Amino acid sequence: AKDTGGGSHYRFEPNLHAFAEERRKLEVSLRNALGRDEFILHYQPVVDARTESIVSFEALVRWNSSEHGFVSPGKFIPLAEDTRLIVPIGKWVLRQACFEARKWPEHVKVNVNVSPEQLLEPNFHQEVIDALSASGLRPERLEIEVTESIFLRDASIARNALEQAMALGCSVALDDFGTGYSSLGYLRKLRFSTIKVDRTFVEGASQGSNESFAIINAVVAMAKSLDMTTTAEGVETSEEAELIRNLGCDKIQGYYFGRPMPADDAKRLFDDNWTR
Ligand code: C2E
Ligand code: CA
Ligand code: CA
Ligand code: CA
C-alpha cells in the first residue's frame, strides 16, 4: 500500500485493502458463475409437525466456484444483492426449483427464497409465470419466501409483485420472523400463508429461555388468529422437535429431519416409496 503518511491509519490500510480486493475477486467470479454452471440447488425437507411427513422442500442455492471453491450463501448472497447479480441468479433459482419440484409428488411444495431486488424488477411476475409454465408446476406448489426487509423501501412495489404471484395461486412465507426489523404491522400488509420462526428462538427455548418460549407461543397464537401457519426453523434434536410440537407449530424444518441435500437425493426419498 502506498504511504498515506498517517500513524495508526497506516497500520489498518493493508487489511482494508485486502478485504476490498478479496471482495472484488469474488464479485468477478460471481459474474461468471451462472455462465459456468457453478450453481446447484440443495433441498431441505419441511415436515408436518404431527405426522412428520414431508410437506415441502426449501431450495437453498450452493456455489462451487472454480476460483474460490465452495462459497457459503451467507457470504455470496449479500454480495449478489449489493451488485444486483441476485436478479439473474434468482431467476435461475426459481426456474431450476420449479423444474426439480415437478418430479416430486403433487402434494409436495417447493419453497424459494426471493430477495427484495428481484421483487422490484418489473419482470418478476412474468418470470414466475414463465418458470411455472415451462416446468408445468402448478402455482399452488410454489411458496415464495421473503424477509421483512422487503418492507423497508419501495414496499408497495414489492407487495404488488407478491400479490400478483398470489393471484396466480402461489403462496408467500415470511422468513426469519423475529429477527431484524420485526413489526407486527407487516402482517397486516400481505396475506402470508406461513410465518417462519427463526432458529434463534428454537435454540433459546430449548436452552430454557422463558422469553424465547413466550415469543414462540405468541407467534403461534397470532398466526392462528390470522389464519396463517407456522414453521419452526433450525430444529436439530428430538428434544427441540418435541418442544416445538408442544408449542403448536404446524411445520418443522431443521437438521433433525434432514439437511439440505442434492436434488437427486430429495427425489429418491419418494422413489423409494418413502412413507411415514
Ligand atoms: P434461510 O432462508 O433462513 O435458510 C435457512 C438456513 O438455515 C440455511 O442455510 C440452512 O442450511 C440452515 N439450516 C437448516 N436447518 C438448520 C439447523 O437445524 N441448524 C442450523 N444451525 N442451520 C440450519 P444456508 O443454506 O447456508 O443459507 C443461508 C441463507 O442464504 C438463507 O437463509 C437465505 O437467506 C440465503 N439463501 C440461500 N439460498 C438462497 C436463494 O436461492 N436465494 C436467496 N435470495 N437467498 C438464498
Ligand atoms: Ca428461507
Ligand atoms: Ca429462515
Ligand atoms: Ca436466515
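None of these values were measured; they are calculated from a predicted model. Remember, it's 1-based here, ligands and their atoms both numbered in the order they're listed.
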Please could you name the atoms of ligand 1 that Ser115 approaches to less than 4.0 Å, counting only its heavy atoms? 44 (N)
Number the atoms of ligand 1 from 1 as they appear, then name those within less than 4.0 Å of a heavy atom of Gln44, with their elements. 14 (C), 15 (N)
Specify side chain, backbone, both or neither for [X], according to which of its non-hydrogen atoms lie closer than 4.0 Å to ligand 1.
X	answer
Asp175	side chain
Asp176	side chain
Val61	both
Arg259	neither
Val93	side chain
Gln253	neither

Is it true that [X] lies under 4.0 Å from ligand 1, counting heavy atoms only?
X	value
Glu58	yes
Glu81	no
Gly90	no
Arg62	yes

Partner of Lys75 under salt bridge (charged side-chain N to carboxylate O under 4.0 Å, His left out), chosen from Glu81, Glu27, Glu22: Glu22
N/O donor-acceptor pairs under 3.5 Å from side chains in residues 85-97, not counting sequence neighbours:
unit_1	atom_1	unit_2	atom_2	d
Gln96	NE2	Glu100	OE2	2.9

Using 30° and 60° as the class limits, which term best fits the ring planes of Trp104 and Phe270: parallel, tilted or perpendicular? tilted
Name the orientation class of the two ring planes belonging to Phe192 and Phe151 (parallel below 30°, tilted from 30 to 60°, perpendicular beyond 60°). perpendicular
Using a distance-only test with no angle check, is there a side-chain donor-acceptor pair under 3.5 angstrom linking Ser206 and Glu240? yes
In terms of side-chain heavy atoms, does Thr147 have a donor or acceptor partner in Asp176 at a distance below 3.5 Å? no
In a check of side-chain contact (heavy atoms from CB on, under 4.5 Å) between Leu142 and each of Leu168, Val172, Val112, Asn111, which one passes? Val112
Could you tell me the angle subtended at the Ca ion (ligand 3) by OD1 of Asp175 and OE2 of Glu233, rounded to 10°? 100°
Among Pro116, Pro73, Ala59, whose heavy atom sits nearest atom 28 (C) of ligand 1? Pro73
Can you tell me if an N/O/S atom from Asp176 lies under 3.0 Å from the Ca ion (ligand 3)? yes
What is the OD1(Asn113)-the Ca ion (ligand 2)-OE2(Glu58) angle, to the nearest 10 degrees? 90°
Tell me whether the guanidinium CZ or amine NZ of Arg102 lies under 6.0 angstrom from the six-membered ring centre of Phe99 and within 45° of its axis. no
Once salt bridge (charged side-chain N to carboxylate O under 4.0 Å, His left out) is applied, do any residues pair with Arg84, and if so which ones, sequence neighbours excluded? Glu121
With a 4.5 Å cut-off on side-chain heavy atoms, are Gln118 and Ile144 touching? no
